[in-house]
Amino acid sequence: YQRRVHGVKSEFQNKSSVIRGRLELVNRLLTKLNPASYEKCVELARELFDDEFDIEIAQLVHNFPANHRNEDGSPFWTGTKRQPDPIRFNAETDLHVDFVHAASNILAFVVGLPYNQDRELVKRIAAQFIPKPREIKRVKIKLNDRDTGDEGVEDDDIVAEALARQLEASPPLPGLRLNRVDFEKDDDKNFHVDFITATANLRARNYKIPEAPKIKVKLIAGKIIPAIATTTAMVVGAVGFEIMKHLLNKPVDVFRDYFMNLALPLWLFTEPSPPKVNKDGDDPIMLCTVKTIPQNWTAWDRIEITGSKTIHAIFTELLQRYQVIAKGITYGKFIIYNSELKGAVSSKELLWTTPEEMVTRLTGKPIPTKRRFIELEVSGELDDGSTASLATIKYYLPRN
């Protein structure tokens with residue numbers, strides 16, 4: 001298992017919540033389905049039902065209750081963003097049994113057991129199963145793509161590392177042989193479409209939106225695979241063209257933006273628009289004069305600083321190079337230092353720390369050794385009292 005555990009950790013590096021989820025699933029399969037039996041497949045399918053349609057939804061509603069509001073004061077749950085409801089398993093509800101029946105048969109195939117068509121057996125086992133108590137945790141959930149923080153539970157790192165050690169130390173299981181499942185919509189005996197139908201309709205029921213019959217789900221699912229393959233191939237080809245132009249040092253007017261729609265069909269190739277230029281001027285919101293550093297910088301520009309330097313040394317370099325009196329420095333959503341705020345972030349002691357030390361301290365994680373630089377934002381002003389609008393700082397990390 002060492003190779004597989006290492007593969008999961010490498011693929012999802014610095015994503016502790018994802019690593020934890022993957023390793024928990026592997027551990028659950030090893031403990032629940034060894035030795036394998038159809039009854040254990042049903043019990044595991046029942047656990048999956050509780051996880052996906054009850055516990056996770058209850059966690060989401062706990063984080064964002066009905067009266068939750070966005071930063072601007074608007075309601076969080078509004079319009080098409082509907083507040084979901086958790087679903088408790090009920091053996092007398094056909095859709096609930098449909099999911100467990102389909103999921104247990106797919107799991108049975110994975111561990112080499114024959115399909116079982118006895119729906120009443122599944123219903124009886126699922127009804128007698130005692131689920132784990134619903135546990136609401138302190139989970140961080142991203143609201144949008146601008147949130148640069150990590151999702152997950154506070155103890156993800158600890159649990160993931162403990163699971164990794166446990167799995168790496170596990171002895172080989174020569175009797176356990178797992179089969180890969182390849183989706184096939186036209187085989188009515190493999191439970192694939194039944195599983196997708198039950199899963200989609202249960203999620204729809206969570207959010208109180210119309211459910212779909214099996215035949216409609218089968219038609220939609222059958223179109224997804226070829227659509228993914230053709231679209232992916234087309235996008236990879238377009239990106240490949242642009243990479244080749246870059247490697248050949250072609251001028252910027254040779255590059256193209258692509259708009260492609262296979263349904264119409266329509267392919268448009270346009271010259272890239274120039275980046276937005278930040279200019280000196282008066283800020284009507286802050287009611288102050290703003291000067292750009294360097295002048296007329298764009299999103300492609302960076303102020304490069306080579307580490308290792310303390311925050312005080314960085315501020316001194318900016319003063320010497322651009323006459324900027326720096327007031328604060330941030331990394332993503334984390335405030336490293338700000339002299340204009342109250343509390344710990346304004347402590348003068350922070351000026352004698354390095355950005356890499358503070359990033360590790362604030363995020364709780366070391367910076368990966370393969371990272372060559374980090375990007376910082378600095379706020380400040382000039383001698384004449386105008387606000388300085390600085391391009392992003394590209395801070396090169398010291399090489400060991």
Side-chain angles (χ1 to χ4, degrees), residues 13-15 71 142-150 242-243 246 252 255 257 272-286 288-341 345-346 350-399:
Q13 193 173 28
N14 298 324
K15 295 182 179 179
E71 293 179 356
K142 288 186 178 182
L143 293 177
N144 50 55
D145 293 336
R146 297 188 302 274
D147 189 344
T148 58
D150 294 328
E242 302 309 304
I243 291 175
H246 175 71
V252 68
F255 290 82
D257 285 336
S273 301
K276 177 186 174 183
V277 177
N278 295 277
K279 298 182 178 180
D280 298 350
D282 295 327
D283 189 324
I285 298 177
M286 300 301 293
C288 64
T289 300
V290 176
K291 292 186 178 179
T292 53
I293 307 294
Q295 194 170 28
N296 298 337
W297 61 269
T298 71
W300 293 103
D301 293 313
R302 295 291 183 271
I303 297 174
E304 297 186 350
I305 294 179
T306 302
S308 179
K309 284 184 171 68
T310 64
I311 296 169
H312 181 271
I314 293 174
F315 286 0
T316 301
E317 184 170 335
L318 292 174
L319 180 63
Q320 294 171 347
R321 288 169 60 180
Y322 302 107
Q323 293 72 56
V324 171
I325 304 170
K327 301 287 188 179
I329 183 169
T330 61
Y331 171 76
K333 68 174 184 178
F334 297 102
I335 300 175
I336 296 177
Y337 171 79
N338 194 307
S339 62
E340 297 184 322
L341 297 178
V345 294
S346 62
L350 296 175
L351 290 171
W352 306 105
T353 62
T354 63
E356 55 266 37
E357 291 172 352
M358 290 304 299
V359 167
T360 299
R361 184 188 306 178
L362 292 169
T363 62
K365 300 177 182 179
I367 299 174
T369 54
K370 63 181 180 181
R371 284 281 295 274
R372 294 177 53 242
F373 63 88
I374 57 177
E375 294 193 335
L376 307 168
E377 304 294 336
V378 172
S379 59
E381 61 184 29
L382 301 173
D383 287 335
D384 59 6
S386 59
T387 297
S389 172
L390 287 93
T392 298
I393 306 293
K394 190 174 185 179
Y395 177 80
Y396 287 96
L397 299 167
R399 292 184 177 273

List the steps, then state whether side-chain contact (heavy atoms from CB on, under 4.5 Å) holds for Glu356 with Tyr395.
CA-CA 9 Å; Glu356 55 266 37; Tyr395 177 80; 2.9 Å; yes
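- His312 and Trp352 have parallel rings, their planes meeting at less than 30° on a 0 to 90° scale where 60° marks the start of perpendicular.
- Ser386 places no side-chain N or O within donor-acceptor distance of the main-chain N or O of Leu382, the cut-off being under 3.5 Å.
- In summary, of the residues considered (Ile325, Ile329, Ile393), a side chain to side chain contact (heavy atoms under 4.5 Å, CB included) with Leu318 occurs for Ile393 alone.
- At least one side-chain heavy atom of Leu351 sits less than 4.5 Å from a side-chain heavy atom of Phe315.
- Of the possible donor and acceptor atoms, none in the side chain of Thr392 sits under 3.5 Å from a partner among the backbone N and O of Arg302.
- Here the CG-OH distance, from Leu390 to Tyr322, works out to 8.5 Å after rounding to the nearest 0.5 Å.
- Looking only at distances, no side-chain donor or acceptor of Trp297 sits under 3.5 Å from a matching main-chain atom of Ile303.
- To the nearest 0.5 Å, the span separating CG on Leu397 from NZ on Lys370 amounts to 13.5 Å.
- Of the options Ile311, Thr330, Leu350, a side chain to side chain contact (heavy atoms under 4.5 Å, CB included) to Ile336 is made by Ile311 and by none of the others.
- Here CD of Glu377 is found 11.5 Å from OH of Tyr331. Values are rounded to the nearest 0.5 Å.
- The two residues Thr292 and Asn296 come nearest to each other via the heavy atoms OG1-N, 3.0 Å.
- Formation of a donor-acceptor pair under 3.5 Å by the Thr306 side chain with backbone atoms of Tyr396 is not found in this model.
- One finds the CD1 atom of Ile243 at 9.0 Å from the NE2 atom of His246 (value rounded to the nearest 0.5 Å).
- Annotation: the span from Thr363 atom OG1 to Met358 atom CE amounts to 10.5 Å, rounded to 0.5 Å.
- The distance from the CG atom of Asp301 to the CD atom of Glu304 is 10.5 Å, given to the nearest 0.5 Å.
- Listed for the Arg372 side chain is no donor-acceptor partner under 3.5 Å among the backbone atoms of Thr369.
- Evaluated for a side-chain hydrogen bond (donor to acceptor under 3.5 Å, both in side chains) with Lys291, the options Asp384, Thr387, Asn278 yield exactly one hit, Asp384.
- Residues Ala391 and Pro294 approach most closely at CB-CD, 4.0 Å, considering heavy atoms.
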